[in-house]
Amino acid sequence: QFELVESGGGLVQPGGSLRLSCAASGLTTDDYHLGWFRQSPGKAREGVSCYTAKSGTKWYGDSAKGRFTISRDNAKKVLYLQMNNVRVEDTGVYFCAADRAQFRAMCTGTSSVYSYWGQGTQVTVSS
């Protein structure tokens with residue numbers, strides 16, 4: 001059974017760090033692009049970062065560039081998002097998602113193309 005399970009969210013102060021994890025089961029990670037998305041109150045779901053299957057090419061949204069790092073542990077089938085120097089506007093529910101790599105050469109930050117989603121993990125940045 002295909003499943004994505006996020007963890008690692010919590011309360012963090014501005015300027016702090018947090019590492020999110022997404023454990024994937026029931027899939028071969030080389031067959032799927034994996035992405036992180038954020039849903040903030042009153043805002044549309046936005047792409048934060050994604051990891052292209054096989055090539056490992058990474059994409060970052062403007063808000064994540066220079067602060068967040070995406071990585072993947074193939075052996076453990078875990079996708080990570082290292083969040084550094086977090087800001088209040090990073091607050092939201094973070095979702096992990098998977099997109100079949102056969103449909104496009106590189107991952108994308110467009111949420112509508114992702115077919116599989118985790119349940120999300122809450123990140124709150126507040127002093």
CA sep, side-chain torsions, deciding dist, call: R72, N74, side chain to side chain donor-acceptor pair (under 3.5 Å):
CA-CA 6 Å; R72 187 183 74 182; N74 287 338; 2.4 Å; yes

Where P14 and S127 come nearest, the two heavy atoms and their spacing
CD-N, 3.7 Å

Please report the interatomic distance CZ(F103) to OG1(T108), rounded to the nearest 0.5 Å.
14.5 Å

Could you grab the distance from atom CG of D90 to atom CG of L18, nearest 0.5 Å is fine?
10.0 Å

The complete set of side-chain hydrogen bond (donor to acceptor under 3.5 Å, both in side chains) pairs with one or both residues in residues 47-56, sequence neighbours excluded, reads S55-T57

Taken to the nearest 0.5 Å, the spacing of L79 CG from C50 SG works out to 9.5 Å

Taking only residues two or more places apart in sequence or in another chain, which ones pass side chain to side chain contact (heavy atoms under 4.5 Å, CB included) with K43?
S40

Which heavy atom of E6 sits nearest to which heavy atom of G120, and what is that distance?
OE1-N, 2.9 Å

Would V12 end up clustered with W36 when hydrophobic side chains under 4.5 Å apart are linked, directly or stepwise?
yes

Taking 4.0 angstrom as the limit, do D62 and K65 come out as a salt bridge?
yes

Report yes if the distance between the aromatic ring centroids of F37 and Y114 is under 6.0 Å, otherwise no.
yes

Could you please spell out the steps behind the side chain to side chain contact (heavy atoms under 4.5 Å, CB included) verdict for S63 and E46?
CA-CA 10 Å; S63 64; E46 66 171 316; 4.2 Å; yes

How close do T69 and Y60 get, heavy atom to heavy atom, and via which atoms?
CA-OH, 3.4 Å

Hey, any chance I70 and M83 share a hydrophobic cluster, counting ILVMFWY side chains that come within less than 4.5 Å of each other, even indirectly?
yes

Residue pair T91 / Q122, side-chain heavy-atom distance below 4.5 Å
yes

Report the distance from atom SG of C96 to atom CG of L4, rounding to the nearest 0.5 Å.
4.5 Å

For residues Y94 and V48, report the shortest heavy-atom separation together with the two atoms involved.
CE2-CG2, 4.1 Å

Are any of the side-chain nitrogens in R104 or D99 under 4.0 Å away from the carboxylate oxygens of its partner?
yes

Between C22 and Y80, is there a side-chain heavy-atom distance shorter than 4.5 Å?
no

Nearest atoms (heavy-atom pairs only) where H33 meets R100:
CD2-O, 4.5 Å

Kindly indicate, with the supporting measurements, whether the criterion side chain to side chain contact (heavy atoms under 4.5 Å, CB included) is fulfilled by Q82 and L20.
CA-CA 6 Å; Q82 178 66 44; L20 305 183; over 6 Å; no

After noting the C-alpha distance and the side-chain angles of Y32 and F2, does the key distance pass the ring-ring contact (aromatic ring centres under 6.0 Å, His included) rule?
CA-CA 12 Å; Y32 290 85; F2 197 113; 5.3 Å; yes

Does a salt bridge link D30 with K77, judged by any charged N lying under 4.0 Å from a carboxylate O?
no

Please round to the nearest 0.5 Å and tell me the distance separating atom CZ of F95 and atom CD of Q119.
8.5 Å

Applying side-chain hydrogen bond (donor to acceptor under 3.5 Å, both in side chains) as the test, list every pair that has at least one member in residues 8-28; sequence neighbours left out.
S17-N84

